[in-house]
There are 2 protein chains.
Amino acid sequence: MPVTMRDVAQKADVSIKTVSRVVNDQGEVANETRERVSAAIEELGYRPSKLARALVTQRTDTLGLIVSDITNPFFSEFSCGMLDASQAQGYDVFLCNSGARVKPEIRALRSLADHNVDGIILFPSWLNEDKLRAFVERHRPVVVVNRAFEEHPGMGQVLMDARGGAKLAVDHLVSKGHTAIGMLAGYATYPDVFQRVCGFRETVVAHGLPLKDEWIIAVTPVIEQGRQAALQLLTQHPQVTAVFAYNDLLAVGAIQACRELERRVPDDCAIVGFDNVQLAALITPPLTTVHVDKYELGWQAVTLLVRMLDDPEAELPPVCLDVELVIRESA
Amino acid sequence: MPVTMRDVAQKADVSIKTVSRVVNDQGEVANETRERVSAAIEELGYRPSKLARALVTQRTDTLGLIVSDITNPFFSEFSCGMLDASQAQGYDVFLCNSGARVKPEIRALRSLADHNVDGIILFPSWLNEDKLRAFVERHRPVVVVNRAFEEHPGMGQVLMDARGGAKLAVDHLVSKGHTAIGMLAGYATYPDVFQRVCGFRETVVAHGLPLKDEWIIAVTPVIEQGRQAALQLLTQHPQVTAVFAYNDLLAVGAIQACRELERRVPDDCAIVGFDNVQLAALITPPLTTVHVDKYELGWQAVTLLVRMLDDPEAELPPVCLDVELVIRESA
DNA sequence: CTGAAAGCGCTTACAG
DNA sequence: CTGAAAGCGCTTACAG
């Protein structure tokens, strides 16, 4: 029932090929013909089928995005930037939630490949590098966010300076006189946890402070888990007077824990988060945290991916966004 | 380069049609043949092209979602429910951000139609009912969320009891002794604003309280706008001692305004929000608000849409979710 | 139980 | 400047 190219051709009394030419604005078409065809298109309300076109061109004008948890404001901000950029470039985007679990992540990759997306932006939860490379070779280009991979054709990387961010956080805590600093690390399956933990360890050691494994607790980075982990950390190791959290959600949980333990923030326990989500400024006390431009991160991921699509041979270096410390009241 | 049905057929020494049969698990196939084909599929890592299939079946196994602002936690929670439900039903989903503006919304509808999505879930910002009906007739079924339309084949509705929620909020404020109640309404282009404002007006009148148009301010429902609107409301009309907000974001803005005006919440000014997003419980003071299950709302929207797709003739009544008042400290 | 033909709605060489 | 043929990778009747 939808109107096809054939209908337009018939109405304009030309061949299908000619319609195709004016639709795609390619090849020479006599002005008079072009106008007749345009008129027919207008009149019939013709819109070319992306499906049919894709079948022959192997381009669908779609991108896939796989996030860990769309409910986490970090990812929704990122998605917003990604969507705006995609739209600006003429792509529509499939969204998939992996829950930061491997199986759903693989399922999402497969599913996106089945739909022939042109490219994928992925927050890998955990994924064998070889597997991902195999996927890229067999299917479509992937831009990986927040995880450093070995460079590989068809794989792009968009990173933030997580290590530097962790250093900023610890430096700040040390400057406030803290010597016993713990960390609420993200769940181990989040690859970028590694960078933040690294930065944390390095900086603590660089300051000549004690570094205890028991002071680093790994949990799923949501508020309630942060609360429980902080409760445990501060109860079992009361000497800890400062906490660096993998992200703001965990930091908020830590603030709740302090309230329950009647530890004043920042006097009895200082807390620094990471991401600077909207919530960070709204909580009491307002959170000192490491800021990263999440919208920009999403935008850059698309920019890189589109570049890869436009020139598959190009060797594009990883993109890395700077971070900065935002000092509020929690530390 | 990707492996096709033809490759499988060749390897299994059968016709393409037979491969199609085992892939789609339809028609009788001799066991021995089926196994040979399955083995070939396995061996070659064959995956059927959804594109090619869609071209003939007119089914893409995709759904579209158009939200106003993915950055608003209401929508991200909704999306989460929608994604989980879609996946459970075998659909992948396109996400579009309309920014609650008409043009991007229409562009998104068109774009989704171009990709032949099977159905669409839409938060209409403002859209002529006739236009939407025309779209549905020409293209694909749409489930509209949070806006009451006249019933129409191909259009489903998922609602929440917004009016009832507004009543709960006002009743609560009245029970606390408030007699001068203002409202921070959402920007007028949000259709569901209507229900909440209606419920507000009705209930205020039902209690025999004054209802002043100047006490109802319409703004874009984000925190900063809420802050400014509340500042204006409480400065120009200091007699107002209670505020009902269209959503939690506006309510949070109102709390900030009160802080700036040195009005204690709830003693000098009581505030009630709507949605019960995560932030509501975390702000100081914790927000009294109207709870609605956003995840469930997303899930229900998909359920309804899939029903419509499975049986285009069925007349499915609107789905309406209950709401409840969550009393915390802001009122 | 299995296959050959036609077609979904386009684009890509190739002619003229 | 314009068109006829082949084909993208599948499924849908229809035969046998």
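Lettering of chains follows the sequences in order, A, B, ..., and the numbering in each one begins at 1.
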Geometric class of the A:F135/A:H139 ring pair [parallel <30°, tilted 30-60°, perpendicular >60°]: tilted

Short side-chain N/O contact to D:dT2 OP1/OP2 from A:T18, under 4.0 Å: no

Rounded distance in Å - CE (A:M5) to P (C:dT12): 11 Å

Set of residues satisfying ring-ring contact (aromatic ring centres under 6.0 Å, His included) with respect to A:F94, sequence neighbours excluded: A:H115, B:F94

Phosphate OP1/OP2 of C:dT2: any B:T33 side-chain N/O under 4.0 Å: yes

B:L55 CG - D:dG9 C1' separation (whole Å): 9 Å

Which nucleotide in D:dG3, D:dC10, C:dG3 has an atom nearest any side-chain atom of A:R21: D:dG3

Nearest-angstrom distance from the residue atom CG of B:N116 to C1' of D:dC10: 15 Å

From CG (A:L132) to CD (A:E137), nearest 0.5 Å: 10.5 Å

Nucleotide D:dT11, atom P - distance to CZ of B:R59 in whole Å: 14 Å

Touch class at under 4.0 angstrom, heavy-atom based, for B:L51 against every strand present: nothing

A:R47, A:K50, A:R53 screened by salt bridge (Lys or Arg N to Asp or Glu O under 4.0 Å) with B:D114, the one that passes: A:R47

Spacing between B:D13 atom CG and C:dG3 atom P, to the nearest angstrom: 8 Å

Distance test, side-chain N/O of A:S20 to OP1/OP2 of C:dT11, below 4.0 Å: yes

Nearest-angstrom distance from the residue atom CZ of B:R6 to C1' of D:dC8: 10 Å

Any residue meeting salt bridge (Lys or Arg N to Asp or Glu O under 4.0 Å) with B:E129, in chain and number order, not counting sequence neighbours: B:R133

Atom-to-atom span, CD of B:Q58 to P of C:dG7 - whole angstrom: 16 Å

A:I16 CD1 - C:dC14 P separation (whole Å): 21 Å

Pair B:D92-A:S111, side-chain donor/acceptor within less than 3.5 Å: yes

Position toward the 5' end of DNA chain C (nearest nucleotide), B:A30 or B:V56: B:A30

Derivation and outcome, side-chain contact (heavy atoms from CB on, under 4.5 Å), residues A:E296 and A:Q300: CA-CA 6 Å; A:E296 178 68 13; A:Q300 290 293 338; 2.6 Å; yes

Ranges pairing with ranges for DNA chain C, where each run has three or more Watson-Crick or G-U pairs under 3.5 Å: C:1-3 with D:14-16, C:5-12 with D:5-12, C:14-16 with D:1-3

OP1 or OP2 of C:dG3 under 4.0 Å from side-chain N/O of B:S15: yes

